[in-house]
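Heads up: the structure comes next, in structure tokens.
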Amino acid sequence: MSSFSYKQTVLSDWVDYNGHMNDAEYNRAFSLATDAFIDWIGLDEKGREQFQYTIFTLETHTCYLKEMHEGAAFEVSARVLDFDAKRIHLFLTMHNADGEVVATLEEMLMGIDQNEGRPAPFPDEVSEKVKAEHDKTSAQEQPKQVGRTIGIRRK
């Protein structure tokens, strides 16, 4: 299990006309959690400055599984599904206070050399942290939301 987690509560301006957390706000929460994960692997403000390196998001896929209401606490955990020299295939899971999975986000992240403005290999310290996170869960079965596509199933 990852030792990374991001905790937050549903803010009042995140609630929509249906009385629950708006879909855009789930994505905001996942984005904030992704930023916290990036900081956690060593690319916080100091790391970005030291290495002249940052991370961009290339693609995301969100699954909304349960409603969240104003003031509800949640926690986001991260799992490195795969990685290479420049990319991280990351899976985030949002749990409510009862431990139920309320949403997931699958994303592809790319490391960028800030001086060149181009993809580049992770700094060694970051790469080691990503590998260690991957190794913690690599033998586990993948979450069922991984690799999903959007489409209407026809019989």
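Throughout, residue positions are numbered sequentially from 1 according to the sequence presented. Because only heavy atoms are used, hydrogens play no part in the values below, and waters and symmetry mates are left out as well, while side chains stay in.
- Closest non-hydrogen pair, Gln145 versus Glu106, comes out as O-OE1, 3.7 Å.
- The pair Lys131-Glu128 does not count as a salt bridge, with every side-chain nitrogen at least 4.0 angstrom from each carboxylate oxygen.
- At least one donor-acceptor pair under 3.5 Å links the side chain of Asp84 to the backbone N or O of Lys86.
- The shortest heavy-atom contact between Ala78 and Phe37 is CB-CD1, 3.7 Å.
- Under the 3.5 Å distance criterion, the side-chain polar atoms of Asp16 are matched with a main-chain donor or acceptor of Asn18.
- None of Asp82, Leu81, Ile41 except one satisfies the side-chain contact (heavy atoms from CB on, under 4.5 Å) rule with Ile88; the exception is Ile41.
- The two residues Tyr53 and Ala120 come nearest to each other via the heavy atoms OH-O, 2.6 Å.
- For the atom pair Ser77 OG and His95 NE2, the distance stands at 5.5 Å (nearest 0.5 Å).
- Between Glu141 and Arg79, the shortest heavy-atom contact is O-NH1, 3.1 Å.
- Connection of Val146 to Phe4 is not established within any shared hydrophobic cluster, with ILVMFWY side chains joined at heavy-atom distances below 4.5 Å, either directly or through further cluster members.
- One hydrophobic cluster holds both Ile55 and Val130 under the rule that ILVMFWY side chains link at heavy-atom gaps under 4.5 Å.
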Passes salt bridge (Lys or Arg N to Asp or Glu O under 4.0 Å), Lys136 versus Glu133? Steps please. CA-CA 5 Å; Lys136 287 179 186 178; Glu133 278 305 297; 2.8 Å; yes
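- Screening residues 108-124 for side-chain hydrogen bond (donor to acceptor under 3.5 Å, both in side chains) gives no qualifying pairs among residues at least two apart or on separate chains.
- Rounded to the nearest 0.5 angstrom, Met94 CE and Asn96 CG are separated by 10.0 Å.
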Run the side-chain contact (heavy atoms from CB on, under 4.5 Å) check on Phe30 and Thr62 step by step: do they pass? CA-CA 9 Å; Phe30 280 128; Thr62 308; 4.2 Å; yes
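- Put simply, the side chain of Glu49 never gets that close to the backbone of Lys46: no donor and acceptor are under 3.5 Å apart.
- Closest non-hydrogen pair, Leu92 versus Ala33, comes out as CD1-CB, 4.5 Å.
- Atom-to-atom distance recorded for His20:NE2 and Lys66:NZ is 13.5 Å, nearest 0.5 angstrom.
- Distance alone, capped at 3.5 Å, places no donor-acceptor pair between the Asp44 side chain and the Trp40 backbone.
- Tyr26 places a side-chain N or O within donor-acceptor distance of the main-chain N or O of Met68, the cut-off being under 3.5 Å.
- In this structure, Glu45 does not pair ionically with Arg48, as no charged nitrogen and carboxylate oxygen lie closer than 4.0 Å.
- Between Phe74 and Tyr6, the ring planes are tilted. Angles from 30° to 60° get that label.
- Hydrophobic clustering, with ILVMFWY side chains joined whenever heavy atoms are under 4.5 angstrom apart, keeps Val80 apart from Phe91.
- Under the 3.5 Å distance criterion, the side-chain polar atoms of His69 are matched with a main-chain donor or acceptor of Gly19.
- Residues Leu43 and Thr54 form no side-chain contact, since every pair of their non-hydrogen atoms from C-beta on lies 4.5 Å or further apart.
- For the atom pair OG1 of Thr34 and CG of Leu109, the computed distance is 6.5 Å after rounding to the nearest 0.5 Å.
- Hydrophobic clustering (side-chain heavy atoms under 4.5 Å, transitive across Ile, Leu, Val, Met, Phe, Trp, Tyr) keeps Val10 apart from Leu65.
- The NE2 atom of His61 lies 13.0 Å from the CD atom of Glu107; values are rounded to the nearest 0.5 Å.
- Linking Ile, Leu, Val, Met, Phe, Trp and Tyr whenever their side-chain heavy atoms come within less than 4.5 Å leaves Leu90 and Ile112 in two separate clusters.
- Every side chain to side chain contact (heavy atoms under 4.5 Å, CB included) that Glu70 has, sequence neighbours left out, goes to Ser12, Val15.
- We find the CG-CE distance between Asn27 and Met21 to be 8.5 Å, quoted to the nearest 0.5 Å.
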